Each structure stands twice: as structure tokens, then as C-alpha cells.
Amino acid sequence: MRLTRAFLPTLKETPAEAQIVSHRLMLRAGLIRQTSAGIYAWLPAGLRVLRKVEQIVREEQDRAGAQEVLMPTIQPADLWQKSGRYDDYGKEMLRIKDRHEREMLFGPTNEEMITDIFRSYATSYRDLPRNLYHIQWKFRDEVRPRFGVMRGREFLMKDAYSFDLTKEGSEHSYRQMFLAYLRTFQRMGLKAVPMRADTGPIGGKLSHEFIILADTGESTVFYDSKFEGLDWGGTEVGNDDVPALKAFFEEVTAMYAATEEMHDEAAWSGVDAASRREGKGIEVGHIFHFGTKYSEPMGLSVAGPDGVAVAPQMGSYGIGVSRLVAALIEANHDENGIKWPDAVAPWKLSILNLKVGDAACDALCEKLHAAMPDDAIYDDRPDRAGVKFADADLMGFPWQAIIGPRGAAAGKVELKRRMTGEREEMSFEEALAKLTA
RNA sequence: CGGGGCGUAGCACAGCCUGGUAGUGCGCCUGCUUUGGGAGCAGGAGGUCGGAGGUUCGAAUCCUCUCGCCCCGACCA
């Protein structure tokens with residue numbers, strides 16, 4: 001993509017409404033545009049990041065055996081009247097009426113709807129277990145939306161729902177998601193720590209929040225430093241290997257991790273002093289086991305092996321996909337802008353032509369651009385070098401190929417790594433090999 | 001939902017107290033010079049001052065109502 005043709009508006013100054021760094025950078029780098037309080041339009045660069053985050057989430061859900069569906073944003077009120085939450089949910093639920101005066105709502109979550117859908121088809125214990133998820137826009141009419149997409153009213157969420165015959169089965173489903181979440185966040189280059197959590201209004205007993213560590217995070221967290229070195233991606237635990245997954249889960253949850261609210265000084269003092277860590281974090285995921293809280297009132301039951309009807313055990317598993325985009329920036333930035341991890345960068349590379357019009361520069365840039373048409377932004381604007389450096393740093397492309405008259409004459413490309421600031425001059429071929437490795 | 005603040009050009013702001021017909025910087029357009037970390041000079045475009053009503057000869061400015069947005073606190077992916 002040529003910058004002279006792209007819709008990638010950057011701002012030199014920070015819009016007044018933005019308070020936190022991710023919001024400021026998202027506005028300055030042209031990722032999002034506010035349309036009203038807590039509601040944002042996603043511009044090309046922001047949308048590409050959102051899609052990449054979404055895709056990683058999707059792949060790890062699939063890997064864990066969950067199956068994707070897509071439920072609507074608008075739901076009928078009667079589903080919620082059945083579960084009893086229509087009244088409980090309060091003003092946070094956006095209620096609307098259609099032209100026939102039917103009561104509808106913009107879904108804040110989907111327990112009712114998925115239970116209703118599943119109920120229509122599941123009749124036997126042989127239909128269990130199942131785990132269904134979707135990635136869909138939600139709306140919660142927050143009293144005070146703030147921090148950009150970190151706490152918007154409209155947000156993109158992945159929510160999965162598991163159905164099991166027994167409590168033991170449901171706990172296994174829970175652990176599958178637990179591992180999937182650790183893998184998901186790690187793939188994005190984030191350090192995530194699972195913390196035992198309050199179950200809140202959704203109900204149930206078993207619940208964990210996933211907090212990613214970022215110095216600018218809102219919540220204070222206490223955790224064992226062992227979390228920092230763990231590699232979940234390499235954890236080979238089969239989805240259906242119940243004892244192995246249980247052992248894994250118990251090993252991880254045995255390590256101390258708690259948010260301020262759940263912090264236990266007695267247990268904390270039992271952790272080796274040298275590995276006690278206190279930091280800031282952002283909640284990006286939350287998983288719950290809640291038994292028959294929805295299956296019973298919604299009338300979901302299947303015939304058990306003995307022919308007796310059983311209400312399935314359920315769990316729900318959320319990841320704030322749009323919030324993750326902001327969280328990624330909170331965890332990866334400096335004074336010049338965003339430093340996208342490779343896995344989620346909108347484009348892998350920015351090609352900086354420092355002297356548009358110079359035959360050698362133009363030729364080398366075009367050649368590189370042609371080699372990576374989908375992964376590169378070619379800054380072919382007739383602007384000064386400083387402008388291009390500033391914008392490339394702001395937008396946070398993992399690699400910058402800096403091509404100026406001096407190097408270009410010798411066929412040399414200077415590669416800069418945004419994350420570390422390292423720069424190195426090399427031949428075109430070497431550069432291309434590095435970039436496509 | 002309680003408390004506070006702000007709406008003036010694409011962005012950041014001044015002007016308002018003390019009414020006299022709108023300004024600065026950045027950005028944008030044209031030209032010349034410049035050219036490895038947000039250039040210089042010259043010329044130019046762009047705003048019914050959030051909206052409605054009122055006071056007044058005259059309202060960005062004073063009054064009333066209204067809409068929107070932001071911040072602090074209680075709640076949440």
C-alpha cells in the first residue's frame with residue numbers, strides 16, 4: 001500500500017479528550033475515530049489490527065475444540081425474561097422497540113440466546129459436550145464510557161459457551177478454555193496472568209480473570225514471577241487428555257496471582273520473597289463456570305444415559321477483542337508511538353523513501369514494495385525524512401526499511417526494528433530475507 | 001447516578017469578565033528554496049463561534065432552555 005493512496009491519517013497533536021496513552025496513540029495513529037461517547041469507527045490500520053487479534057483468538061478457540069457461530073446483535077426481550085435477567089440487567093442494557101412495538105435489545109452478552117439455540121437441537125447426552133463461540137459486537141450502556149476502546153459502550157467480544165453432561169466434564173471444558181486463553185495472549189506477545197476472580201452478576205463458582213501486564217494498567221496485581229517465564233504455546237496438552245489438563249491447570253493455579261480485591265497477605269507471604277511481583281494490569285478475559293444457572297430456567301435438558309432428563313452444566317468464556325487492541329498498545333509503546341508485536345501489526349513493514357524522485361531510491365523502494373505488496377506500507381510521500389520517521393514510529397510498524405540516497409546508490413537498505421530500536425544496513429537481498437523469514 | 005469542566009476552522013487553543021461583527025499555532029492549497037528525525041520564505045483557502053429562544057441599535061461575549069463531549073467517584077470484556 002502506498003501512503004500517497006492510503007487512508008492513514010496521523011495527527012501531530014493529541015485530541016483533547018484522550019487521557020490514557022493507548023487512546024491518544026490510537027487517535028494520533030489514525031486507528032479509530034470517535035462517533036459518540038464510547039462508540040468508535042475503526043479506520044483501515046485499526047481494523048487490520050482488530051482483524052489480526054480476532055483471528056488469533058479464533059484459531060486458538062478452534063484449536064481448543066470450540067466451534068464458531070455468529071449470533072445477531074439484536075435480541076428479543078422474551079429470551080431475557082425467561083432467564084430473569086431482563087429486569088436484573090438494568091440500564092446498562094440498551095432496550096429498543098421495533099416498528100411493531102416489540103421489545104428488543106442490543107445484546108450485552110449471549111448466554112440466553114446460545115442456550116435457546118442449543119436447546120432446539122440437543123436432545124441426548126450424546127450431543128454433549130459442545131463448546132460454541134462467536135465474535136460479535138456487544139453493547140453495554142456504560143454509565144461512564146472512557147479510555148477510548150478500552151471501555152467503550154460498543155465493543156467486539158469473543159464469547160464462548162460450553163455445555164457438558166456433568167460437573168466434571170464442565171470443569172474440563174473450563175480448563176480447555178483456560179489453556180486456550182494463555183496461548184492466545186502469548187501469541188500476541190502479551191504477558192497474561194490468570195487470577196482467581198469474583199463471579200459477579202453472571203453467577204457460578206469457578207472463575208478466572210486474565211490480566212495482561214502493562215505499566216499503565218488500571219488494576220494492581222500481585223503475582224509470582226514464575227508466570228513471566230512460562231511458555232504456554234509449547235505446552236503439549238491434548239484437548240481430551242483430562243488428567244493431563246487437570247494437572248496443568250492445578251500447576252498453574254497453584255502459583256500465586258491475585259488482583260488487589262482478592263489479595264491475601266497470608267498466602268502472599270508464603271511466596272518466596274525474591275519471586276514476588278507487584279504490577280499493573282488490564283483485564284482482557286474472564287471465564288466462568290456457572291452450572292445450570294441458564295440451562296434450568298431456559299428449559300435446556302437432554303436425556304442422560306439412563307433416560308432421565310438432565311440440565312447441562314455450562315460455562316462462558318469472554319475475551320475483549322477490541323479492548324485487546326488498546327491493551328496491546330498500553331503494553332507496547334514508547335514516547336514516539338506504538339511498537340506493534342509482529343503478530344498483530346497492521347503492516348509488517350514501512351518502506352521509507354527518504355528522497356522521492358531520486359532514481360536509485362525510487363527503484364529500490366519499488367522493488368521492495370513489489371516483493372511484499374500486502375505486508376508493507378510504502379511511504380512515497382514527497383515529504384522530508386523527519387516526517388516519515390515520525391509517522392513510522394507513531395504507527396508502530398515492526399520493521400522500517402529506510403532507503404536514502406547514500407545507501408540506495410550502493411543497493412543498501414537500512415532495517416530498523418521498532419521494538420528494540422536496532423538498526424542495521426545490509427544488501428537488498430539480505431533485508432528481504434530477514435523480512436520474509 | 002452524584003460532583004466538576006468544556007463546546008470558537010481538520011487538530012490544539014486565545015477572545016467572553018468589561019457586547020461593536022473572529023484570531024494564533026499546527027495542518028491544508030500554490031510557488032520558490034530546502035532535503036537522514038515533524039524545514040524556511042511568500043501568497044492563499046477554510047469558521048452562520050454546538051442548537052433554540054431572549055435582552056440590546058448591535059451577542060462568540062449577557063440571560064434562559066436544550067443537545068453533545070470530557071474529567072473525578074460508585075460499576076464492568
Side-chain angles (χ1 to χ4, degrees), chain A residues 9-20 23-24 27-28 30 33-39 53 57 89-93 107-110 135-160 181 184-185 197-202 207-212 218-219 259 261 282-288 316-327 335-337 352-358 361 379 381-394 400-408 412 414 416 421 423 425:
Chain A
T10 57
L11 299 173
K12 253 175 111 165
E13 283 177 280
T14 304
E17 74 267 18
Q19 298 298 311
I20 61 166
H23 191 195
R24 283 200 288 263
L27 292 169
R28 285 194 56 210
R33 158 87 188 181
Q34 180 169 343
T35 64
S36 57
I39 303 181
V53 169
V57 170
Y89 222 94
K91 288 195 157 181
E92 223 173 272
M93 182 190 282
T109 178
N110 286 67
I135 300 172
Q136 177 64 291
W137 293 92
K138 304 292 188 294
F139 194 93
R140 292 183 192 171
D141 202 356
E142 295 276 347
V143 197
R144 181 149 103 84
R146 63 186 122 164
F147 306 146
V149 300
M150 190 74 84
R151 183 166 331 162
R153 291 193 291 170
E154 188 179 66
F155 58 96
L156 187 62
M157 180 164 99
K158 184 285 300 182
D159 38 325
Y181 275 38
T184 300
F185 301 129
D198 255 333
T199 49
I202 292 190
S207 177
H208 282 87
E209 284 177 8
F210 289 77
I211 310 274
I212 62 132
E218 279 271 280
S219 350
T259 54
E261 305 81 63
I282 301 164
E283 184 188 348
V284 291
H286 204 154
I287 61 179
F288 305 86
S316 81
Y317 316 90
I319 291 181
V321 176
S322 47
R323 170 181 284 186
L324 261 172
V325 176
E335 62 284 358
N336 295 322
L352 311 191
N353 187 340
L354 297 193
K355 190 158 189 174
V356 172
D358 176 275
C361 285
D379 192 344
R381 295 175 300 177
D383 286 310
R384 296 166 64 90
V387 174
K388 302 189 179 198
F389 289 131
D391 272 345
D393 284 350
L394 173 62
Q400 294 172 18
I402 300 165
I403 297 178
R406 290 178 219 156
K412 297 273 191 185
E414 182 182 337
K416 175 180 164 184
R423 300 151 171 266
E425 194 172 60

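Since we're looking at a predicted model, the values are computed, not measured. The sequence lines fix the lettering, A, B, ..., with proteins before strands; numbering per chain opens at 1. Note: hydrogens, waters and symmetry copies are ignored here, and every other heavy atom, side chains too, is used.
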Is any side-chain heavy atom of A:R28 closer than 4.5 Å to a side-chain heavy atom of A:T14?
yes
Keeping A:R140 on the side-chain end and A:P108 on the backbone end, is there a donor-acceptor pair under 3.5 Å?
yes
Over 60° means perpendicular and under 30° means parallel, so classify the ring planes of A:Y181 and A:F185, tilted if in between.
perpendicular
Closest to the A:A16 side chain: B:A77, B:A74, B:C13?
B:C13
Got a list of protein N/O to nucleotides 66-68 of chain B N/O distances below 3.5 Å?
none

Considering only the P atoms, how many Å lie between B:G27 and B:G7, rounded to the nearest integer?
24 Å
Rounded distance in Å between the C1' positions of B:U18 and B:U61:
10 Å
Rounded to whole angstroms, how far apart are CZ on A:R33 and P on B:G10?
10 Å
Distance below 4.0 Å between A:Q19 side-chain N/O and B:C72 OP1 or OP2:
no
Closest to the A:V143 side chain, choosing from B:C75, B:C1, B:A77:
B:C1
Given atom CD1 of A:I39 and atom C1' of B:C70, what is their separation to the nearest angstrom?
16 Å
Comparing A:P15 and A:G152 on RNA chain B - which has the more 5′ nearest nucleotide:
A:P15
Distance in angstrom units between A:R151 CZ and B:C71 P, rounded
11 Å
Any side-chain to backbone donor/acceptor pair from A:S207 onto A:I287? Under 3.5 Å, distance only.
yes
Sequence-aligned protein contact record of nucleotides 4-9 of chain B, with B where the base is within under 4.0 Å of a protein heavy atom and S where only the sugar-phosphate is
------
Hunt down the Watson-Crick or G-U wobble partner of B:G36, both distances under 3.5 Å, from any strand shown, or write none.
none
Take the protein atom CG of A:D141 and the nucleotide atom C1' of B:C76, then report the distance between them rounded to whole Å.
13 Å
Any side-chain heavy-atom pair of A:I211 and A:I282 under 4.5 Å
no
Starting from P on B:A77, measure out to CZ on A:R146 and report it in whole angstrom.
14 Å
Pick the P atom in B:C75 and in B:C17, then give their distance to the nearest Å.
43 Å
Between A:E425 and A:K412, is a salt bridge (Lys or Arg N to Asp or Glu O under 4.0 Å) present by the stated rule, with each step listed?
CA-CA 6 Å; A:E425 194 172 60; A:K412 297 273 191 185; 5.7 Å; no
Write down the distance separating the C1' atoms in B:C67 and B:G53, rounded off to the nearest Å.
14 Å
Residue pair A:T35/A:E283 against RNA chain B: nearer the 5' end by closest nucleotide is A:T35
For the pair A:Y317 (side chain) and A:K158 (backbone), establish whether a donor and an acceptor sit closer than 3.5 Å, ignoring hydrogens and angles.
no
Using purine N1 to pyrimidine N3 plus N6-O4 or O6-N4 for Watson-Crick, or N1-O2 and O6-N3 for G-U wobble, each under 3.5 Å, what pairs with B:U55?
none
Check whether any side-chain heavy atom of A:N110 lies under 4.5 Å from a side-chain heavy atom of A:K138, and answer yes or no.
yes
Sidechain N-carboxylate O distance under 4.0 Å for A:R153, A:E142:
no
In whole Å, what is the span from the CD atom of A:E142 to the C1' atom of B:C70?
16 Å
Can you tell me the Watson-Crick or wobble partner of B:A14, both distances under 3.5 angstrom?
none
Separation between the C1' atoms of B:G38 and B:C28, rounded to whole Å:
16 Å
Can we say A:K416 and A:D393 salt-bridge, meaning some charged N sits less than 4.0 Å from an Asp/Glu carboxylate O?
yes
Closer than 3.5 angstrom, by distance alone: can the side chain of A:K388 be matched with the main-chain N or O of A:R381 as a donor-acceptor pair?
yes
Span that lies between the P atom of B:G40 and that of B:G47, in whole angstrom
26 Å
Proximal nucleotide (of B:C72, B:C76, B:A12) relative to the A:E17 side chain
B:A12
Applying side-chain contact (heavy atoms from CB on, under 4.5 Å), run through A:N353 and A:I403 and close with a yes or a no.
CA-CA 5 Å; A:N353 187 340; A:I403 297 178; 5.5 Å; no
Quick one: are the ring centres of A:F210 and A:H208 less than 6.0 Å apart?
no
Any side-chain N or O of A:K138 below 4.0 angstrom from OP1/OP2 of B:A77?
no
Rounded to the Å, how far apart are A:R24 CZ and B:C70 P?
15 Å
What is the per-nucleotide protein-contact pattern of nucleotides 23-39 of chain B, from the 5' end, where B denotes a base atom under 4.0 Å from a protein heavy atom, S denotes such proximity for sugar-phosphate atoms only, and - denotes neither?
--BSS------BSBBBB
Would you mind pulling out the nucleotide paired to B:G2, Watson-Crick or G-U wobble, both distances under 3.5 Å?
B:C72
Return the pairing partner of B:G43 with a 3.5 Å limit on both distances, Watson-Crick or G-U wobble; otherwise return none.
B:C29
Please measure how far the P atom in B:C63 lies from the corresponding atom in B:U55, and state the result in whole Å.
15 Å
Remember a base hit wins even if backbone is also touched, and classify A:G90 as base, sugar-phosphate or nothing at under 4.0 Å, heavy atoms.
nothing
Are OP1 or OP2 of B:C72 and a side-chain N or O of A:R144 less than 4.0 angstrom apart?
yes
Taking atom P in both B:C6 and B:U64, what distance in whole Å separates the two?
15 Å
Determine yes or no for a side-chain-to-main-chain donor-acceptor pair under 3.5 angstrom, with A:R24 supplying the side chain and A:Q19 the backbone.
yes
